[in-house]
Structures are given as C-alpha cells and as structure tokens.
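Step one of this worksheet: look at the structure below.
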Amino acid sequence: MSQNATELFDENFNELTPSEFFRKNKQMLGFTGKIRSLTIVFHELITNSFDAAEEAGILPEINIDLKRVDKEHYILTHSDNGPGIPEDYIMKVYCTMFAGSKFRNIQSRGQQGLGCSGCVLLSQMTTGEPARVISCYEENGELKGVNMKFKMDVKKNKGMLMEKEYIKPEHTGVCIQLHFKDVSYSLSEQGAFEYIRRTMIANPHAKITFRDPSGHKYIFKRAAEIVPVLPKEVLPHPKGVSADDILFMAKHTDKRRYKSMLTTSLSRMSNKRVAEIEEMTGIDMNKRPKDMKWAEAEAIVDSFQKMKFMAPPSNGLIPIGSEQIEKGMKQILKPEFVATLTRKPVTYKGGVSFIVEAGIAYGGDAGRIVNEQRKSEIMRFANRVPLTFDQGSCAITEALKSIDWKRYGLKDLDNTPLTLFVNLISTQVPYLSTGKQSISPEPEIVHEIRQSTMKLARKLQKHIRSKKAAKEKAMRSKVFEDLLPVIIEESAKLGETSVPEYTQVLAKVTKRALAELLGEKVEEEEVEEEEDALIMEELDEFGYAVDEENSSLNSSKDFDDLEIDEEE
Ligand SMILES: Nc1ncnc2c1ncn2[C@@H]1O[C@H](COP(=O)(O)OP(=O)(O)OP(=O)(O)O)[C@@H](O)[C@H]1O
C-alpha cells in the first residue's frame, strides 16, 4: 500500500545537528588524509592559543607533546599560557560546533567556531577516547582551575561530562589531551613540523616547544618581545554588504529608524549620506527597521553602488609589519639575503579591506631540500596562519606563478634556494572552503600580491647581481695583486733603477681583494663609489663624454626609489 506525504514525512523527517553533519563530512573540516588531518589538529589548537593569549595581552607560549602509542595511535598534549576558559564554557568550546567568541567583524585567526570541536570529534571518531582538558583562569580576582574529562554527544551537539576535579593552579592557561588514530606525523612540507616552522616565521613573538614522537625536543625561540596590537572591530563598509545583510541588520537592530540603523551599523555612513540615499531611492528614512521590505533593502544597496565612499577604516587591520617578518625569516631561515614589505590597506569587492605582506629570503636555509637539492618554496599565510594545503586554487599561488621570474634574473625558479612569503591580513579572508586553506583569487588581492612580490624580486635581483659583480671584481683584483709586483720588479731590473713604492697604488686597486685576504669588511658603497670614479676617469681618458646626472651608473638606484606599481 502506498504512503501519503504526511506518513512519509512523519516517518523520515529529521534534523541533523552540525556535529552529526561534520561526523559524516569530516573532509569539510580539512580532515582528509593522515598527514593533513594531524596538521589541521595542530593548526586549530595553535591558532586558538595565539588568539586567546594575544587578546589577553600575553606573549604566547605553547608546549606540544606528541607521543606515539603504536603505529597509528598518537596522544597529543597541547598546553598554552593564555587566559584559560571558564568552567561553564569548556564543554561548549570543545563539544559544540559553531560556538565561539569570534563571530565579529574583527581580524582574528579563528572565524567559525568549529576548530576545537572539530579536533575533539576527530579524536572521538578515530579512537573512541574522551578528551581531557585542564583550564586555569581568573574569576573575580581569584585563580581557579578545573580538570575535566568528557565526550561529545554528536546527536545533541554538546558535551557529556565524565569526570571533574577542581585543582589549585599556578598560572592561567589551557591544556588539552586528545587521542588520535588514522593520522600520521611527517616531516614533509604538509606535515605538522613544517606547520610549526612556518607559524614561527609569521609569529616571531611566540615561543613553541615541541616534543616529537621520537622524543626529540625542539625549542622555537621568540625573535620579538612585543604582543601584537589588538585589532579593533570595524563596522562593515557600505560597498561590502548585500540586500540580505541590510535586511538582517534591520530585523536585529535596536534602532528605531532606518537612518540611525544605517549610521550605527555601517562605516563611513553619516546623516548627510543617508539624506543622499533618501533622495536617490525615495525611501522614507524615518521608517521602523523591523518593517523593512526586501525591495527597499535592494534599493538601498543599489544606491550604495552608485555612491562614492572613503575606503573602510584600516585600524581594524593589524599587519605583522615588515620588520617583524624580517626577524621571523632571519631566525628560522638564516638567509644570505632577505627583503620584506607591508603594503597599504586596500579593498576587494569594493568594501572589504585587506593588507598584503610579502617577504623573500635567499640562500642559507631558505627553500626546501628535495633530493639533496635546495628548491624554492612558497609560504602562504592568512592573518599570520600558515596555509598548508589546497595551494593550487589559492590567490597567492596564482599571483606568484603569474610573475615572469626570468625578468628578475631567476631563470630556474624551482631550483633556486628561495622562500617566498605572503601574508594576507583581513577581517574577512575570502576562504574557498571551511577548511580555510586557500584564498579566493579576487583580482584586487592577486594584483597586490604580484606588486609586492615583484618589488622584492627587484631587490633580490640587485643583490644577486652585485654579488656576482663583487666576485668578478675580486678575481680581477687578485690577478693584479699577483702580477703587478712581478711586472714592477722585473721592469725596475730591466731599467736598472730601484723598485718604486707601489704598495699604496696596489692596495687601492686591489682594495677589495686585500681586504678580503685580511678578513676585513669593505664598505660596499665606498668601494662602489671609488670603482665608479675609476671607470669615469677611464672613460674620460678615452675621450667619452660622461654625463654624471644621467649616467647609467646611477639609473638603477633611481629606479629603485620609485614608489610606483610595476607592470610586467
Ligand atoms: N586555548 C584557548 N584559550 C582560550 N579560549 C579558547 C582557547 N581555544 C578556544 N577558545 C575559545 O573557544 C572558541 C571556539 O574555538 P574554535 O576553535 O572552536 O573556533 P574559533 O577559533 O572561534 O573559529 P575557527 O573554527 O575558525 O577556528 C573560541 O572562539 C575561543 O573563544
């Protein structure tokens, strides 16, 4: 007998909690593949510890201990020195999907309220073991500590407490212990160790101690002692909102008129601008937001697109800063050459501001060793967090691959000991998926990455050129140094005169070679100036007109000082 719709629905209709959904779709949390799954766990726990410590004005210090119980069974213990999590929130943080404190228009590493609970879910799904969390925090001026053991109730999207004990803490912080199977620790580019190394480049203010499964202890020391300035929450920009956003604001605002709702919910929106919108759309701006219709929201957004606004305030964006990136790169890569920069804030999609930071390190430990040869590597970051996977579709990869590297003297980029660093700072990083591993290639973002990297590539080209020139000059000087005394002495013998004093002249000609032999450091500019003068004299002697102002000797320097965007 056939069933009617009501019977069918009564029997089959169900609601899926977020935890149930992600239990079936763990790949959407980034948990695909054994190596990647473990790296994502490291990523979630490290970024949370950083966010929490920085928000509390504390220099982050993290201890990670990864023990291998047997081939594929690991126990991860991760502890931080952050402000801790109050007892009532612990199970919400670790067992409720889409719960957190970062659903604001603010620059932070976390955005979605999924990370911690995702790790607990993976642990439970692969081992059936509960999570253990020790949290120490301050409440009403008192230091409190609690040690809890719990599991996640996937059907209810919340925690099930198994054990609880109050402890006497010495300082604030969180320590979490999780069991994992079906994961793998690896030293590869996508492994957990490399994730920590990259994290340290973009976070030189942090300290991480890591004990790997073999028991080896790595201490990544701090290269900077300043807690990054806390980004401010910024209101959305009119050019970055949709009709749906406006309608959502209208339904949830406590303001009584369209006018006050718009001026308090959006940046760059004054009474004058609201009057312009009123004139353009004919909508009465004194109406109650709760009564707003879809067509009105659409008309308001259309008017935004026709208007000119100042760019969004950039105080919501806190870049790492080129000096700090340089410190991070030097500390970890010990390169022969490094150049870094932080661009000015700009916007994508007309209203979301972002900043691109870039760095190039060459020589030393820059690049990656593959088959005993150093190769170039790309390090992608968003809000200081390394992006380790899905590089193919990412704006950073696309931008860097589109640069004509031969133009900068790098004929074989792949086989160059080079690390290319790019960090995107934004309150809304346009990730391509919830796994947050690649950035959408918005044209404005790709443009900024290209410009900043090309600027640094030019500096690198200059460095490689002058290194090559210095080597050639040193070789030439060496020839003089070896031959000139013989020629002078033999000539004196032939001319039957005494040997003239030549050491000073020789020293001048072979200044670089002599200095190098004596282990002295020669002032690059001084030598260059003297050599330039010598060449000028030579040209003059041979009858060539030398126009010093426009001489090609100066042109590269002039070009380098230009603050313009470069087009290939
Ligand atoms: N180590 C920690 N110390 C203090 N608070 C923490 C810590 N870890 C997590 N939290 C709190 O728990 C919340 C939830 O964390 P979770 O990782 O699930 O999501 P998120 O960081 O907000 O976003 P995302 O899913 O994008 O990482 C955070 O918003 C933060 O308030």
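Both counts, for ligands and for their atoms, begin at 1 and track the order of listing. Keep in mind that what you see is a predicted model, and the values were worked out from it rather than measured.
Within a 6.0 Å sphere centred on NZ of K290, heavy atoms belonging to other residues, nucleotides or ligands number more than 12. Atom CD of E72 is surrounded by more than 12 heavy atoms from other residues, nucleotides or ligands within 6.0 Å.
Proximity of D80 to ligand 1, defined as any heavy-atom pair under 4.0 Å, is confined to the side chain (atoms from C-beta onward). Heavy atoms of C116 found under 4.0 angstrom from ligand 1 belong to the backbone as well as the side chain.
Numbered from 1 in the order shown, with element, the atoms of ligand 1 that lie under 4.0 Å from a heavy atom of G84 read 4 (C). The E44 neighbourhood of ligand 1 comprises atoms 27 (O), with distances under 4.0 Å to a heavy atom of that residue. Residue V93 has at least one heavy-atom neighbour below 4.0 Å for each of these atoms of ligand 1: 9 (C), 11 (C), 12 (O). Residue K436 has at least one heavy-atom neighbour below 4.0 Å for each of these atoms of ligand 1: 24 (P), 26 (O), 27 (O).
At under 3.5 Å, a nitrogen or oxygen of G115, whether backbone or side chain, sits near a nitrogen or oxygen of ligand 1. Taking only nitrogen or oxygen atoms, main chain and side chain alike, N48 reaches within less than 3.5 Å of ligand 1.
Checked against T77 for a side chain to side chain contact (heavy atoms under 4.5 Å, CB included), the options Q177, K67, R132 give a single hit: Q177.
Side chain to side chain, D244 and S242 fail the donor-acceptor criterion of an N or O pair below 3.5 Å.
Sequence neighbours left out, the pairs with a member in residues 178-206 that pass ring-ring contact (aromatic ring centres under 6.0 Å, His included) are H43-Y195, H73-H179, Y185-F210, F193-Y218, F193-F220.
For Y137, there are no ring pair (Phe, Tyr, Trp, His ring centres under 6.0 Å) partners at least two apart in sequence or on another chain.
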